[in-house]
Student: 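Would you mind keeping the following structure in view while I ask a few things?
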Number of protein chains: 2
Amino acid sequence: MPAHPAAEMHPSLRPSAPLTQSLPEQIAARLSECIVSGAYAPGQRIMEQAVAEEFEVSRGPAREALRLLEKDGLVMILPRRGAQVTNPSIEEVHEIFDIRAMLNGLRDRLIAEGPHRAELIPALERDIEKLAQTAATPGPGDDYIDTVLRLNRLLTQAAGNHRLQTILGSLAVQTVRYTRLGLSTPQRRQQSVRNWQSLLQAIRAGDGDAAERIARQRVIDSRDAAVEHLRAQAG
Amino acid sequence: MPAHPAAEMHPSLRPSAPLTQSLPEQIAARLSECIVSGAYAPGQRIMEQAVAEEFEVSRGPAREALRLLEKDGLVMILPRRGAQVTNPSIEEVHEIFDIRAMLNGLRDRLIAEGPHRAELIPALERDIEKLAQTAATPGPGDDYIDTVLRLNRLLTQAAGNHRLQTILGSLAVQTVRYTRLGLSTPQRRQQSVRNWQSLLQAIRAGDGDAAERIARQRVIDSRDAAVEHLRAQAG
DNA sequence: ATTTGTATTATTGTCAACAATCTTCTTGAC
DNA sequence: GTCAAGAAGATTGTTGACAATAATACAAAT
């Protein structure tokens, strides 16, 4: 019998995942980095044979790794044409952010109305304080982005809705590069910090309506900033 | 050149899907029916070899078909243990309905605020009228459910958010059996009809806020009814 | 010069066999 | 009688080869 009964265990701590990643999962994780970091350009084709040789496995696991990437929306698989890195249009990016806005709203409502919110607040305060410190510094902003991503992971896990966690995780991976784009200016980062601070207040107060509204607004702001940048890039 | 220029074509009519389904897709479609209809019981294991023999293919396509079912949440694949039909707990059903509530809210807002809503209204009126007629009849209610499902498909396609369509489609498949459960009484069906009629009004008026609120309430009602039935069944 | 048909090549789809691992059944000891 | 250890069987994971198909290059005809 474990030290802590299952009933008291927080959902995000459930050790349901297998201890060791499968071969396709390891390959997918590596490829995922390459795509998110931009080493593999959008639209680029990824061929099974090349993946197989790169990782010194047969085409089976390579093939399956690509299917895993498809599940995360990082590649698109066309019949008889193989996989290519997704290159979403501005409209599709807009669409994904809209979905994230709704589901982040649900997530933060669940947290604000949930019984575990008190345990969460110290970590939240710490990260949001860190955001406030790095928001004004003009540097590359990677610190800021990293903290935002960690904060989001923390909240997504804490919401306790497993399916929501899966979907939001997938959508987050797909939009990392656009989130980064949208948080590239100090003004936007300061707007973002103010929003996080409001959210913290709403969670402290246990105000689910406010938490949902604030979360939605944050993602919508992020969406608008990203889309604006993309339009500027595209002409 | 096609008869109608692409710019005027409704998003839901884009012929982007390949004309012919792949072998794994065909197998997955058949298995999907078996699971949704209940021929394969929740928790039941589905083995690759058995699928391969059933459809007279090798284990490769059978394996991939099971991965496709996993993507739709119809089976759960555990490492070295294979696939088994998902048997979500009451809490998980609750979770999925919560997600559907948010995303249906987004969907119906997009429709109410979208430019294509006028074209949609006649079909909506027809289906909702049909709902009103079959709501009070005590029969098996399959007509009612079928109409609700068609109505939802219509709206999901019309919203014009492709990713949303994918996610909602997957979630709908996973909850069909619980939706059916929740709409098994005449009272619930009448409540449902009133909600659809309100939605129609909101769409007519182009009131996105109202459309979202109404859609959410509909799914929440559906959730509560389903969960109540499940709790009664479980003891 | 454009287009159509054809051959070539590259790439994915499928298959059957082998390896690794998990489950279950049996056996034996306490 | 219960539990542990080990063997046997069943099932997934992986591999390499073969088949089917789509992209490409090139030649020929209008």
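From a predicted model like this one, the values you see are computed outputs, not experimental measurements. In the text below, chain A, chain B and the rest are named by the order of the sequence lines, each starting its count at 1.
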Student: Inspect the contact between B:Glu54 and B:Arg30 and indicate whether a charged nitrogen and a carboxylate oxygen are less than 4.0 angstrom apart.
Tutor: no

Student: I'd like to compare against my own output: the B/S/- annotation of nucleotides 9-18 of chain C with a strict under-4.0 Å heavy-atom distance to protein.
Tutor: --SBBBB-B-

Student: Does CD in B:Gln44 sit with more than 12 non-hydrogen atoms of other residues, nucleotides or ligands closer than 6.0 Å?
Tutor: yes

Student: With a 4.5 Å heavy-atom cut-off, do A:Ser32 and A:Leu74 have their side chains touching?
Tutor: yes

Student: Do the side chain of A:Arg59 and the main chain of A:Glu48 share a donor and acceptor less than 3.5 angstrom apart?
Tutor: no

Student: I'd like to know if B:Glu64 pairs up with A:Arg67 as an ion pair, taking the criterion as any Lys NZ or Arg NE/NH1/NH2 lying under 4.0 Å from an Asp or Glu carboxylate oxygen.
Tutor: yes

